[in-house]
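Comments concern the structure below.
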Protein chains: 2
Amino acid sequence: MEEAIDLETLCQQKGLRMTDQRRTIAAVLSKAKDHPDIEEIHRRAALRDSRISLATVYRTMNLMEELGLVDRHEFGDGRARFEAAPDAHHDHIINVETGEIVEFVDPELEILQRQIAERLGYRLVDHRVELFAVRLNQDE
Amino acid sequence: MEEAIDLETLCQQKGLRMTDQRRTIAAVLSKAKDHPDIEEIHRRAALRDSRISLATVYRTMNLMEELGLVDRHEFGDGRARFEAAPDAHHDHIINVETGEIVEFVDPELEILQRQIAERLGYRLVDHRVELFAVRLNQDE
DNA sequence: CTAGCTGCAAATTCTTTGCTACTAT
DNA sequence: ATAGTAGCAAAGAATTTGCAGCTAG
């Protein structure tokens, strides 16, 4: 039973100056259940407050990413997509037929990756797993 | 004891018209042991034949990728990197301190990913694993 | 021959940045 | 007050494309 992440509060805790624009963008990301790109974030933010420029969205996303408040994804379509940093790490399955993105967590996968890195003499600091797949049955 | 992949032969088998430019680019990729970006491929190709334009490198890489002859990677630095499609699939560890990229294969990881996809109702068609890491000891 | 390829330069797309005015603290 | 922020428009960086001439098969 988790509430949407309160990104605005996290921003304040990080000492960010809270402008109306940042509040709006934080709200958009907090309630987003998908992985919107910059244009889409801007579109949604503009619905709440039309005084928000694309440049501000770019700057805000870079800022929040550096602070670890949002995750940036590059799913291979040429633009960055974002999501509020989840409490727990997860990976993604991309349905190559529909573009739909499904999140999943697999502890075994997490452990295995750490082991692989260590076996090769590395300490894992981050990782990315993207599974490109199609639905099993033909029920769409 | 594998020889470098003969990309030129593969191109011909796919029915590609073999121009000097494509031959040169194929040779560059065949002998590359790293993951060069477009500029780097162009630079190396130009050493062999200065009549090659950037546009042709872009077009050729798109073509070869569509034919499955090369793999495209997006390691998060904003530009695409390429490698001749390997005989066997492998994944990558990116040393976040040096930018060095190490390839690895882990059958267990391959199997686990397929299982995860199936468990969620998908059939895996492709996947990407990137481990961002630092060297364990301070011996560099 | 001629469909396909190339170089060049212009165009696109995504993202960053300089600058001046504004505002949260 | 004042350091940080916003908007705008221009600049950048990576990639694609229109076109006229060249070339592999």
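For the numbers below, each heavy atom of this structure counts, side chains included, while hydrogens, waters and symmetry mates do not. Reminder, nothing fancy here: chain letters follow the sequence lines and each chain counts from 1.
Picking from dC19(C), dC8(C), dG25(D) the nucleotide with the shortest atom distance to the side chain of Met18(B) gives dG25(D).
Taking atom OH on Tyr58(B) and atom P on dT17(D), their separation rounds to 13 Å, with Å as the unit. Between the CD atom of Glu39(B) and the P atom of dA14(D) there is a distance of 7 Å, rounded to whole Å. Per the geometry, CG belonging to Leu63(B) stands 15 Å off C1' belonging to dT17(D), to the nearest Å. With rounding to whole Å, Gln12(A) atom CD is found 13 Å from dA24(C) atom P. At whole-Å resolution of the value, CG in Asp49(B) and P in dT23(D) are 12 Å apart. In this structure, Arg22(B) atom CZ and dA24(D) atom P are separated by 11 Å, rounded to whole Å. Atom CZ of Arg43(B) and atom P of dA14(D) are 11 Å apart (whole Å). Atom P of nucleotide dA13(D) and atom CZ of Arg81(B) are separated by 17 Å, given to the nearest angstrom.
A salt bridge is defined here as a Lys NZ or Arg NE, NH1 or NH2 lying under 4.0 Å from an Asp or Glu carboxylate O, and Asp106(B) with Arg119(A) meets this definition. A salt bridge does not link Asp126(B) with Arg72(B): none of the charged nitrogens is closer than 4.0 Å to a carboxylate oxygen. Using a 4.0 Å cut-off between charged side-chain N and carboxylate O, Asp37(B) and Arg79(B) make a salt bridge.
Tested against Val70(B), the residues Leu29(B), Thr60(B), Leu10(B) include a single side chain to side chain contact (heavy atoms under 4.5 Å, CB included) partner, Leu29(B).
For Asn62(A) and dT15(C), the shortest distance from a side-chain N or O to OP1 or OP2 is not below 4.0 Å.
Nearest-nucleotide positions on DNA chain D for Thr19(B) and Gly15(A) put Gly15(A) closer to the 5' end. When each of Arg51(B) and Val57(A) is assigned the nucleotide of DNA chain D bearing its nearest heavy atom, the one mapping closer to the 5' terminus is Val57(A).
Classification of the His92(A)-His90(A) ring pair by plane angle, with boundaries at 30° and 60°, yields perpendicular.
Among the heavy atoms of the strands, none lies under 4.0 Å from Leu54(A).
At a cut-off of 3.5 angstrom, the base of dA13(D) holds no donor-acceptor pair with the side chain of Arg79(B). Between the side chain of Arg17(A) and the base of dG4(D), a donor-acceptor pair under 3.5 Å is found.
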